[in-house]
Q: 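Please see the structure below; I have some questions.
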Amino acid sequence: MPQPETPEPKPSCLDNPVCDQVWRVTKSAWFAEGSNLFLIKPATIVLILLVAILLRFLLHRTINRLVRSTSESRIPAVLRPLRERIPSAAPDPSAVVPERRRQRAEAIGSVLRSMTTAVVFAIAVLQILSELSFDLAPLLASAGIAGLALGFGAQTLVKDLLAGLFMLLEDQYGVGDTVDLGEATGVVEAVGLRITTVRDARGVVWYIRNGEIIRVGNKSQGWAMVVVDMPIGFARTEEATAVLRTAAASVALDPELAPELVEPPEVLGVEQITVDGSVIRTIAKTTAEGQFPVSRELRRRLAEALDNSGITAGIAATRMFPRPSTPPADGETGQGGAT
């Protein structure tokens, strides 16, 4: 009996190198024609996943190297705080906050790693769907419309997230900083991409959306300036200035306060003239953490110096107090004490 002829695959299949090779090896028409589905597509999907994983690994490794480099002197411009990109009066801002720089870099690195992972695998999923013969045009159009609607509905959320990201990049403030954010002033307890938590002097916790922060006054970055205005009445300004300079110099010699001083206290002189006499200004440049103890001690010593020198008594003597009125005696008019 004649042997049945083995059916050959379609010519279009034989024109494909993979299909032709499978036909030559297996002599199976249906397997050769299905080689695109059984071999090529699975291999392409696996290759896409491998490339995505490799690309994600390389991007994460680059981000981790950038994060580690922030603790050294080589700092990328994108991770450099805004105050270090311009001339600063601080002698070495990078030496003041090494720990906060590390924490800020870790937060930025975490955000960048999440973003790169989402973007890489989103592209990989689209490529896989394309290999599985899904029509991506309706899917992308639907995603675009949904993204547009979500953008309009969540524009406040997007604004908060972008503001929080730029806040981290520019290092405007960090946990533990004393800041003035407008209606809320206090110590920063937590910093997120959407919300900043601040506790004020009364213990009230404020939750502030980053997109609503218009301006930031940070009292804990670099150095601080202590300004003390002392009234001296109508005493001689030369004498009062000498007394205040001696008291200010004693603050600089205090072993507990000296490490907190960037520059010794300086008595500038008469700042203003009021109806109660002259006011002399004294300033001191301190570290951000030492501004409050130095300010309190400087005020105490200046006040004690004025008191010990007798200037304070002179201030009290020059003040005018109204004389209590008394009812006129018999036969007196009560006008100017005249009879």
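In what follows, every heavy atom counts, from backbone to side chain, and hydrogens, waters and symmetry copies are set aside. Here, residue 1 is the first one in the sequence, and each next residue gets the next number.
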Q: Check this for me: Arg215, atom CZ, are more than 12 non-hydrogen atoms of other residues, nucleotides or ligands nearer than 6.0 Å?
A: yes

Q: Heavy atoms only: give me the nearest Arg301-Asp254 pair and the separation to one decimal.
A: NH2-OD2, 2.7 Å

Q: Apply side chain to side chain contact (heavy atoms under 4.5 Å, CB included) to Ala163 and list each qualifying residue two or more places apart in sequence or on a separate chain.
A: Asn210

Q: Rounded to the nearest 0.5 Å, how far does CH2 of Trp223 lie from OG1 of Thr286?
A: 9.5 Å

Q: Take atom CD of Glu183 as the centre, draw a 6.0 Å sphere, and report whether it contains more than 12 heavy atoms from other residues, nucleotides or ligands.
A: no

Q: Which heavy atom of Ile208 sits nearest a heavy atom of Ala184, and at what distance?
A: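 Answer, listing the atom of Ile208 first, then Ala184: CD1-CB, 3.6 Å.
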
Q: Work out which heavy atom in Ala248 is nearest to a heavy atom in Thr282; give both atom names and the distance.
A: CB-CG2, 4.4 Å

Q: Does Val187 share a hydrophobic cluster with Ile213, counting links as ILVMFWY side-chain heavy atoms below 4.5 Å and allowing steps through other members?
A: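 Hydrophobic grouping puts Val187 apart from Ile213.
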
Q: Are more than 12 heavy atoms from other residues, nucleotides or ligands located less than 6.0 Å from atom CE of Met225?
A: yes

Q: Please report the closest heavy-atom contact between Pro264 and Ala252, naming both atoms and the distance.
A: CB-CB, 4.3 Å

Q: Hey, does the side chain of Asp307 reach the backbone of Ala303 with a donor-acceptor pair shorter than 3.5 angstrom?
A: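 No; judged by distance alone, with no hydrogens or angles, the pair does not exist.
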
Q: Set out, in order, the CA-CA distance, both residues' side-chain angles and the distance that settles side chain to side chain contact (heavy atoms under 4.5 Å, CB included) for Glu239 and Ile232, then state yes or no.
A: CA-CA 10 Å; Glu239 178 185 357; Ile232 63 170; over 6 Å; no

Q: Main chain of Gln172, side chain of Asn218: is a donor-acceptor contact present, judged purely on distance under 3.5 Å?
A: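 Side chain of Asn218 to backbone of Gln172: a pair is present.
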
Q: CD1 of Ile63 to OG1 of Thr116: how many Å apart, nearest 0.5 Å?
A: 4.0 Å

Q: Look only at the side chain of Ser220 and the backbone of Thr178, and say whether a donor-acceptor pair between them is shorter than 3.5 Å.
A: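 Answer holds: yes.
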
Q: Do Ile283 and Glu263 touch side chain to side chain, with heavy atoms closer than 4.5 Å?
A: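 Side chain of Ile283 against side chain of Glu263, heavy atoms only: no contact under 4.5 Å found.
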
Q: Answer yes or no: is there a side-chain heavy-atom contact under 4.5 Å between Val198 and Tyr173?
A: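 They are not in side-chain contact.
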
Q: Can you name the nearest heavy-atom pair linking Thr287 to Pro259, along with the distance?
A: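 Looks like CG2-O, 4.2 Å.
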
Q: Hydrophobic clusters here meaning ILVMFWY residues chained together by side-chain heavy-atom distances under 4.5 Å, can you tell me if Ile45 and Phe121 are in one?
A: no

Q: Do Leu168 and Val191 make a side-chain contact, defined as non-hydrogen atoms from C-beta onward lying under 4.5 Å apart?
A: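 Heavy-atom side-chain distance check passes, below 4.5 Å.
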
Q: What pairs with Arg56 under salt bridge (Lys or Arg N to Asp or Glu O under 4.0 Å), at least two apart in sequence or on another chain?
A: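 Partners of Arg56 by the salt bridge (Lys or Arg N to Asp or Glu O under 4.0 Å) criterion come out as none, since no residue qualifies.
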
Q: Taking all non-hydrogen atoms of both residues into account, name the closest pair between Thr237 and Ser278 and its distance.
A: CG2-OG, 4.1 Å

Q: Quick one: does Leu181's side chain get under 4.5 Å of Val216's, heavy atoms only?
A: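 Sidechains of Val216 and Leu181: in contact.
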
Q: Starting from Val175, can I reach Val179 by hopping between I/L/V/M/F/W/Y residues whose side chains sit under 4.5 Å apart?
A: yes

Q: Roughly how far apart are Thr196 OG1 and Met167 CE, rounded to 0.5 Å?
A: 4.5 Å

Q: So, taking the atom named CG in Asp229 and the one named CZ in Arg299, what distance separates them when rounded to the nearest 0.5 Å?
A: 9.0 Å

Q: Determine whether Arg281 and Val279 make a side-chain contact, defined as any pair of heavy atoms from C-beta on separated by less than 4.5 Å.
A: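 SC-SC contact between Arg281 and Val279 ruled out.
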
Q: Got a second to check how far Leu165's CG is from Arg194's CZ, nearest 0.5 Å?
A: 15.5 Å

Q: Using 0.5 Å steps for rounding, measure from the NZ atom of Lys285 to the CG atom of Leu261.
A: 12.0 Å

Q: Sub-3.5 Å donor-acceptor pair from the side chain of Ser130 to the main-chain atoms of Leu126, do we have one?
A: no

Q: Determine whether a donor-acceptor pair (N or O, by modelled atom type, separation under 3.5 Å) exists between the side chain of Gln291 and the backbone of Ala288.
A: yes

Q: When you measure from the side chain of Ser250 to the backbone N and O of Ala247, does any donor-acceptor pair fall under 3.5 Å?
A: yes

Q: With a cut-off of 6.0 Å (strictly less than), are more than 12 heavy atoms of other residues, nucleotides or ligands near CZ of Arg236?
A: no

Q: Assess whether salt bridge (Lys or Arg N to Asp or Glu O under 4.0 Å) is satisfied between Glu297 and Arg300, documenting all intermediate values.
A: CA-CA 5 Å; Glu297 184 64 18; Arg300 185 186 70 81; 2.5 Å; yes

Q: Using side-chain hydrogen bond (donor to acceptor under 3.5 Å, both in side chains), reason through Thr185 and Asp180 one step at a time and then give a plain yes or no.
A: CA-CA 4 Å; Thr185 300; Asp180 181 357; 3.1 Å; yes

Q: With a 4.5 Å cut-off on side-chain heavy-atom distances among I, L, V, M, F, W and Y, is there a chain of contacts connecting Leu47 to Ile128?
A: no

Q: With hydrophobic residues grouped by side-chain heavy-atom distances under 4.5 Å, do Leu157 and Phe166 end up in a single group?
A: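 In one cluster: yes.
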
